[in-house]
Amino acid sequence: MFRRREPVPFAFLAEADRFRSNVTPPPRPRASFGELAGRWLLGLTLVAGLVGALIVGTPALSSPATSPAQQSQASQGR
């Protein structure tokens with residue numbers, strides 16, 4: 001195969017990963033008090049829900065301390 005002698009069109013796209021801009025983006029606007037309070041309230045609600053689910057679900061996950069062997073009355077009569 002022969003190499004092309006003319007430059008490849010759009011060669012700057014191949015160098016796009018090395019491109020650095022000297023233009024800084026504008027600073028992000030600060031969150032208002034309402035937005036901050038909403039974020040805190042949402043986070044607190046999620047944490048409270050997880051803790052509540054853990055507290056409610058813990059007794060269901062625990063095995064009984066003593067497991068008495070109970071037999072039905074029908075099996076005892078024989």
Nearest-0.5 Å distance that lies between atom CZ in Arg39 and atom CG in Leu44:
16.0 Å
Let me confirm one number: the CG-CG distance from Leu54 to Leu61, rounded to the nearest 0.5 Å.
8.5 Å
Hey, could you give me the CD1/CG distance between Ile55 and Leu50, rounded to the nearest 0.5 Å?
11.0 Å
Tell me whether Leu42 is reachable from Phe33 by hopping between hydrophobic residues (I, L, V, M, F, W, Y) whose side-chain heavy atoms are closer than 4.5 Å.
no
